[in-house]
Novice: 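Shown below is the structure under consideration.
Just the heavy atoms: all of them, side chains too, but no hydrogens, waters or symmetry mates, feed the values below. Note that the structure is a prediction, hence the values are computed from the model and not measured.
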Amino acid sequence: MDDFWSKLNPEQERAVKQIDGPLLILAGAGSGKTRVITCRAAHMVKDCGVNPFNILAITFTNKAADEMRNRVDRMAGSDAAGIWVSTFHSLCVRILRRYIDRIGYENTFTIYDADDQKTVMKEVCKRLNIDTKQMPERALLSMISHQKDELLTVSDTEREAADDYAMKELARVYKAYQETLRKNNALDFDDLLFRTVDLFRAAPDVLSSYQERFRYIMVDEYQDTNTAQFELVRLLASRYRNICVVGDDDQSIYKFRGANIRNILDFESVYPDAAVIRLEQNYRSTQTILDAANAVIKNNRGRKDKSLWSDRGKGEGLQIRRCDTAYEEAEFVADRIKSKKLREGIAWRDAAVLYRTNAQSRLLEEKLLMAGIPYTIVGGVNFYARREIKDLLAYLKTIDNARDDLAVRRIINVPRRGIGQTTINKIENYALNHGLTFYEALQSAEKIGLGKTAEKIAGFVSMIERFRRFLTEANLEDLVNEILDETEYVEKMDAADETEAKTRVENIEEFINKVVSFEEEEEEIRTEDETLSLPGDGPDENGSAVRQRSILSRFLEEVALVADIDTVSEDDNRVLLMTLHSAKGLEFPIVFMTGMEEGLFPGFGAVASNDPMELEEERRLCYVGITRAKDELTFVTARSRMLRGETQYHAPSRFLDEIPSGLFSDQAGNRIRAQKTAQISRESRPAASSGQSAFRQKPYSFTQAAPVKKKAFPLPLTKGSELQTGVTPDYKAGDRVRHVKFGEGEVKSIVKGARDYEVTVDFDTAGVKKMFAGFAKLVRI
DNA sequence: CGTACTAGTCTTTTT
DNA sequence: GACTAGTACG
């Protein structure tokens with residue numbers, strides 16, 4: 001238990017022991033900062049008599065929070081249970097769920113994602129007659145987001161605008177947007193932070209209770225905090241001032257999201273009595289990789305000077321591969337990974353392919369698939385943002401609480417039930433004139449004068465009511481299945497083609513899996529809580545109230561805050577493909593950095609803008625990418641690639657020039673020259689027998705990833721290869737079967753699809769239907 | 001009211 | 001090249 005001390009270097013130990021007062025830990029990449037944070041928490045509880053309930057650790061992603069949670073638990077055991085490990089956003093949601101009524105929202109608020117925001121904005125622009133050609137919705141949204149990041153209200157914006165026409169327009173839009181959100185009792189991501197700060201400012205007693213609760217606060221990835229987050233932390237910490245922030249200014253890559261690098265650079269001036277500890281020993285990478293990282297990042301100005309070092313030895317030389325096309329690039333990567341697997345026995349999970357933009361994943365995916373390499377793509381379209389999933393979520397939201405007009409409107413005619421735009425407009429007007437929500441207006445549809453469509457609406461309303469009653473005696477899984485059955489969602493799905501229909505069905509299946517794991521997890525928590533009889537949520541007198549909220553509400557809440565990276569599981573043995581942003585915080589024995597070209601990385605915007613700050617952010621991103629690699633790092637460039645429909649030619653990235661050529665292995669140089677004529681398959685064989693074999697003897701630590709506790713949602717994201725078939729039906733063609741809705745019929749054919757069986761049934765009354773076995777739940781008779 | 005086709009936009013990066 | 005919004009027509 002106590003032997004974690006022995007694993008710490010002197011600086012780390014100092015950071016762990018310094019628990020009182022403000023502390024800034026400048027932790028370079030791979031310097032063991034998570035270890036320091038977790039040890040620190042364990043040390044407080046086990047050695048210093050700190051009540052675990054008084055400790056708060058904040059991270060940015062759920063994945064990081066989970067990881068920290070597991071490590072703290074492992075280190076401090078049940079003592080650690082009371083420590084609150086949370087992301088900024090879920091911390092805020094938890095606080096707001098309890099107290100947001102103090103600032104005029106209902107505690108049942110919903111959370112809007114980017115998609116919902118856009119829908120609202122579109123409507124606002126229409127209402128305000130904003131020309132979206134000149135002012136695109138997303139530009140407005142991003143400006144509003146920036147205002148919120150900076151804790152600027154509508155009136156702040158109006159004041160700031162003065163005579164500036166564009167700013168005045170922005171203020172007008174901001175106002176209307178915010179009013180719509182409030183009307184729908186909804187908060188966007190930025191609001192979660194802003195409204196919490198609002199709450200603390202408006203209700204000193206609430207703030208005070210949280211200050212008492214969180215006497216020791218730690219913030220991870222501090223370089224990525226924005227002004228709202230800074231203020232939130234400042235408020236919480238202002239009584240006890242035991243605030244420890246951990247970060248690396250060189251890894252600040254979220255400026256576009258409002259991250260303010262000054263938060264970390266100026267920490268010492270905000271807290272003049274702050275202790276500062278630097279962690280510069282890297283435990284992850286070879287010295288060669290670190291030399292490359294240092295060489296690149298030292299071209300940035302305005303950073304805290306530091307330099308990573310490692311005692312792991314030089315390791316392999318870096319590799320670089322110049323390809324003619326992006327196509328070839330993808331082929332090279334696939335080929336190289338495959339041969340490493342065959343020749344060196346690496347595990348798939350040892351390799352990661354990184355790129356600047358999500359769009360680059362497509363070709364890579366294609367080639368990996370062709371090569372039969374199992375992979376996972378992180379990011380792109382968030383699972384919960386997919387159409388079919390959002391539809392289901394909208395049903396659930398409506399059932400849970402129909403305050404959110406957006407959700408109700410989304411599903412009023414999905415699947416099609418003959419309620420069109422004109423009807424919706426009429427309902428909307430009626431709602432507006434009578435001060436009703438959209439759903440309330442639906443409930444009194446007969447008064448609107450819609451003729452025959454009123455019946456259809458009544459049908460919809462009674463269906464929702466039926467679902468509500470259904471839920472009182474069934475679990476979530478049943479409810480989702482009931483929705484699918486009742487609406488015939490899958491049957492009526494307007495699939496563009498067969499493959500799309502299949503992916504959608506797979507996604508729905510995956511969604512149901514998630515619902516099931518959520519319910520299981522909840523059950524676990526409940527029983528744990530009962531046996532341990534944990535106190536409630538600290539300052540909340542009746543902590544159980546949170547738990548009393550319906551399981552549906554809690555599910556919707558959890559789902560709203562899931563990022564794609566959260567669902568990546570270490571025990572999935574697959575090659576990971578992701579953006580450089582998503583890769584932060586992760587490490588891999590073998591890393592490919594692809595698309596190393598001017599205009600792509602650094603991106604076009606950064607090159608064109610002439611803003612050195614933008615270029616520096618790109619460079620930090622490069623630094624992040626390089627430092628993900630433990631043993632082997634390969635850069636890949638393409639002379640030409642297709643970018644939004646047209647072929648573009650790019651010079652190699654300037655970042656490559658910043659790396660001393662001595663760090664590259666010889667074979668790489670040869671390869672560049674030889675590559676022109678040679679075939680990739682021949683070229684890419686590793687020079688295992690070359691003179692460099694000294695470094696080859698133990699090329700990889702075949703580290704079995706530490707057993708990580710299963711997350712609530714162990715969902716593999718976009719999956720490639722490895723097909724998964726559903727349950728084999730127990731009926732065959734010719735059998736008589738019964739369907740809940742369509743009654744009895746005869747099975748005409750069963751076709752095996754990618755993940756499920758597609759069954760064609762000739763029903764006695766309903767006629768011939770095609771359906772997926774997983775959903776149809778046909779019973780043989 | 002629903003469908004089928006066309007034109008225009010999009011790409012940084014995400015909680 | 002892919003997706004989406006908008007339009008014309010049945």
Novice: So does N226(A) get a side-chain nitrogen or oxygen closer than 4.0 Å to the phosphate oxygens (OP1/OP2) of dT15(B)?
Specialist: no
Novice: According to a strict under-4.0 Å criterion, is T579(A) in side-chain N/O contact with OP1 or OP2 of dT14(B)?
Specialist: yes
Novice: Under a 4.5 Å cut-off applied to non-hydrogen side-chain atoms, are T180(A) and R127(A) in contact?
Specialist: yes
Novice: So which atom in R417(A) and which in M463(A) form the shortest heavy-atom distance, rounded to 0.1 Å?
Specialist: NH2-CE, 3.5 Å
Novice: Just how far, in rounded Å, is C1' of dT14(B) from OH of Y384(A)?
Specialist: 17 Å
Novice: By the 4.0 Å heavy-atom rule, please label Y254(A) as base, sugar-phosphate, or nothing.
Specialist: sugar-phosphate
Novice: Output yes when at least one side-chain N/O atom of N358(A) is less than 4.0 Å from OP1 or OP2 of dT12(B), else no.
Specialist: no
Novice: Here's a test of your reading of the structure: between A606(A) and Q421(A), which maps to the more 5' nucleotide of DNA chain B?
Specialist: Q421(A)
Novice: Report the distance from atom CD of E618(A) to atom P of dT12(B), rounded to the nearest whole Å.
Specialist: 10 Å
Novice: Starting from P on dT14(B), measure out to CG on D566(A) and report it in whole angstrom.
Specialist: 12 Å
Novice: Are T61(A) and dT14(B) close enough that a side-chain N or O sits under 4.0 Å from OP1 or OP2?
Specialist: no
Novice: Which nucleotide in the list dT12(B), dT13(B), dT15(B) gets nearest to the side chain of H581(A)?
Specialist: dT13(B)
Novice: Look for any protein N or O under 3.5 Å of an N or O in nucleotides 2-9 of chain C and output each such pair with its distance, or none.
Specialist:
residue	atom	partner	partner atom	Å
dA5(C)	OP1	K122(A)	NZ	2.7

Novice: When you measure from the side chain of N300(A) to the backbone of E616(A), do you find a donor-acceptor pair of N or O atoms at a distance under 3.5 Å?
Specialist: yes
Novice: Determine whether the aromatic ring of F256(A) stacks with the base of dT13(B), defined as ring centroids separated by less than 5.5 Å and ring planes inclined by less than 30°.
Specialist: yes
Novice: State which residue, out of V219(A), L192(A), N226(A), T59(A), fulfils the side chain to side chain contact (heavy atoms under 4.5 Å, CB included) condition with F88(A).
Specialist: V219(A)
Novice: Decide yes or no for K33(A) and D220(A): does some side-chain heavy atom of the first lie under 4.5 Å from some side-chain heavy atom of the second?
Specialist: yes
Novice: Could you give the CG-to-P distance, from L141(A) to dT14(B), as a whole number of Å?
Specialist: 17 Å
Novice: Answer with yes or no whether the side chains of Y384(A) and K514(A) bring together a donor and an acceptor at under 3.5 Å.
Specialist: yes
Novice: Can you figure out which of dT13(B), dG2(B), dT15(B) approaches the side chain of N413(A) most closely?
Specialist: dG2(B)
Novice: Between R620(A) (side chain only) and S252(A) (backbone N and O only), is there a donor and an acceptor less than 3.5 Å apart?
Specialist: yes
Novice: Rounded to whole angstrom units, what separation is found between the CE atom of M578(A) and the C1' atom of dT12(B)?
Specialist: 17 Å
Novice: Please state how far atom NZ in K584(A) lies from atom P in dT15(B), giving the value in whole angstrom units.
Specialist: 11 Å
Novice: What nucleic acid atoms does T87(A) come within less than 4.0 Å of, heavy atoms only: base, sugar-phosphate, or nothing?
Specialist: nothing
Novice: Assign F60(A) to base, sugar-phosphate, or nothing according to its heavy-atom contacts below 4.0 angstrom with the strands shown.
Specialist: sugar-phosphate
Novice: Specify the separation, in whole Å, of atom CD of Q229(A) and atom P of dT14(B).
Specialist: 16 Å
Novice: Looking only at heavy atoms, what is the nearest atom pair of L615(A) and A606(A), with distance?
Specialist: CD1-O, 3.9 Å
Novice: Measure from the side-chain heavy atoms of R416(A) and tell me the nearest of dG2(B), dT13(B), dG1(C).
Specialist: dG2(B)
Novice: Under a 4.5 Å cut-off applied to non-hydrogen side-chain atoms, are M593(A) and L580(A) in contact?
Specialist: yes
Novice: To the side chain of H89(A), which of dG1(C), dT15(B), dT12(B) is closest?
Specialist: dT15(B)
Novice: Any salt bridge linking R257(A) with D149(A)? Criterion: basic side-chain nitrogen under 4.0 Å from a carboxylate oxygen.
Specialist: no
Novice: Collect all protein-nucleotide pairs involving nucleotides 9-11 of chain B in which both atoms are nitrogen or oxygen and the distance is under 3.5 Å.
Specialist:
residue	atom	partner	partner atom	Å
dC10(B)	OP1	R138(A)	NH2	2.8
dC10(B)	O5'	R138(A)	NH2	3.4
dT11(B)	OP2	R138(A)	NE	3.3

Novice: Starting from the 5' end of DNA chain B, give me the residue, G605(A) or R417(A), whose nearest nucleotide shows up first.
Specialist: R417(A)
Novice: Which word best sums up how the rings of F256(A) and Y254(A) line up, parallel for under 30°, tilted for 30 to 60°, or perpendicular for over 60°?
Specialist: tilted
Novice: Whole Å only: how far is the NE2 atom of H146(A) from the C1' atom of dT15(B)?
Specialist: 14 Å
